[in-house]
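Nothing here was measured: the structure is a model prediction, and the numbers come from that model.
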Amino acid sequence: QVQLVESGGGLVQPGGSLRLSCVASGFTFSSSVMSWYRQGPGNERELVASITSVPLITNYADSVKGRFTISRDNAKNTVTLQMNSLKPGDTAVYYCYARSRDYRRYWGMGTQVIVSS
């Protein structure tokens, strides 16, 4: 069955860094568009970053551009979100999301990121 398992969340001080990882299984990762979404308290789920495979194209929300970097390793079926210069506004549950070649859509269960002093 399809699984998207996020890890790497936690509590970090403003200005700090975290690296989130998502390990995928149950579908063809290499041909899927992968994304990170987040949802803070009382907010809608929003797209943070996405990455295609061939060609390799990345997209970022304006709020994270220059601070976050999305990458993928097709050999390991993983997508990573490197988050630097974290702000309290980045506090949210971060979700891994996949859109497969046949346009099926899958969500991970999320990992909590708290940016606070």
Side-chain angles (χ1 to χ4, degrees):
Q1 64 182 49
V2 171
Q3 282 193 310
L4 297 174
V5 181
E6 303 100 331
S7 63
L11 174 65
V12 65
Q13 293 186 342
S17 297
L18 283 174
R19 180 183 289 108
L20 306 183
S21 294
C22 172
V23 180
S25 60
F27 65 98
T28 305
F29 178 87
S30 61
S31 60
S32 299
V33 179
M34 302 300 299
S35 301
W36 287 96
Y37 283 74
R38 69 185 182 187
Q39 187 169 19
N43 295 326
E44 298 287 331
R45 191 170 296 187
E46 64 176 346
L47 177 65
V48 177
S50 65
I51 185 168
T52 63
S53 186
V54 182
L56 199 152
I57 302 170
T58 58
N59 286 285
Y60 299 93
D62 288 341
S63 59
V64 308
K65 197 169 298 181
R67 300 188 297 121
F68 291 10
T69 302
I70 189 170
S71 60
R72 67 190 297 158
D73 186 339
N74 288 342
K76 297 181 178 180
N77 282 15
T78 60
V79 60
T80 299
L81 186 68
Q82 177 66 46
M83 306 186 295
N84 299 325
S85 301
L86 284 161
K87 305 174 180 179
D90 297 319
T91 296
V93 177
Y94 284 71
Y95 297 91
C96 184
Y97 168 84
R99 177 167 59 84
S100 67
R101 182 175 57 185
D102 59 356
Y103 291 91
R104 295 182 181 270
R105 293 164 169 82
Y106 308 108
W107 292 94
M109 296 301 294
T111 184
Q112 177 72 246
V113 171
I114 300 175
V115 185
S116 176
S117 298

Inset, instruction - Enter the distance from Ser117:OG to Leu11:CG here, rounded to the nearest 0.5 Å. - result: 9.5 Å
Inset, instruction - Go through the steps to decide whether Tyr95 and Gln39 satisfy the test side chain to side chain contact (heavy atoms under 4.5 Å, CB included), and finish with yes or no. - result: CA-CA 8 Å; Tyr95 297 91; Gln39 187 169 19; 4.2 Å; yes
Inset, instruction - Please test Arg38 against Asn43 for side chain to side chain contact (heavy atoms under 4.5 Å, CB included), starting from the C-alpha separation and ending with a verdict. - result: CA-CA 9 Å; Arg38 69 185 182 187; Asn43 295 326; over 6 Å; no
Inset, instruction - Give the minimum heavy-atom separation between Phe29 and Thr78, together with the two atoms involved. - result: CZ-O, 3.3 Å
Inset, instruction - Would you give the length of the straight line joining atom CD of Gln112 to atom OG1 of Thr91, rounded to the nearest 0.5 angstrom? - result: 7.5 Å
Legend entry - Pair Met83-Val113, side chain to side chain contact (heavy atoms under 4.5 Å, CB included): steps then yes or no: CA-CA 10 Å; Met83 306 186 295; Val113 171; 3.8 Å; yes
Inset, instruction - Please report the shortest heavy-atom distance between Arg105 and Tyr103, naming the atom on each side. - result: NH1-O, 2.9 Å
Legend entry - Atom of Thr52, atom of Val33 and distance for their closest heavy-atom approach: CG2-CG2, 4.1 Å
Legend entry - Carboxylate-amine/guanidinium contact Asp62 Lys65, below 4.0 Å: yes
Legend entry - side chain to side chain donor-acceptor pair (under 3.5 Å) partners of residues 22-37, not counting sequence neighbours, each pair once: none
Inset, instruction - Consider only side-chain heavy atoms of I, L, V, M, F, W and Y, link residues closer than 4.5 Å, and tell whether Leu56 and Tyr97 are in one cluster. - result: no
Inset, instruction - Can you measure from CG (Leu81) to OG1 (Thr69) and round to the nearest 0.5 angstrom? - result: 8.0 Å
Inset, instruction - Only counting residues at least two apart or in another chain, list the ones meeting side chain to side chain donor-acceptor pair (under 3.5 Å) with Arg104. - result: Asp102
Inset, instruction - Mind checking the CD-CH2 spacing from Glu6 to Trp107? Nearest 0.5 Å is all I need. - result: 10.0 Å
Inset, instruction - Mind listing the closest non-hydrogen atom pair of Ile70 and Tyr60 along with its distance? - result: N-OH, 2.9 Å
Inset, instruction - Over all heavy atoms of both residues, which pair between Met34 and Ala98 is shortest? Give the atoms and the distance, please. - result: SD-CB, 3.5 Å
Inset, instruction - Quick one: pull up CG in Leu47 and OG in Ser63 and give me the separation to the nearest 0.5 Å. - result: 9.5 Å
Identify all side-chain donor-acceptor contacts of residues 15-22 below 3.5 Å with residues at least two apart in sequence or on another chain.
residue : atom : partner : partner atom : Å
Ser17   : OG   : Asn84   : OD1          : 2.9
Arg19   : NE   : Gln82   : OE1          : 2.9
Arg19   : NH2  : Gln82   : OE1          : 2.9

Legend entry - Minimal non-hydrogen separation, Val79 against Cys96, with atom names: CG1-SG, 3.7 Å
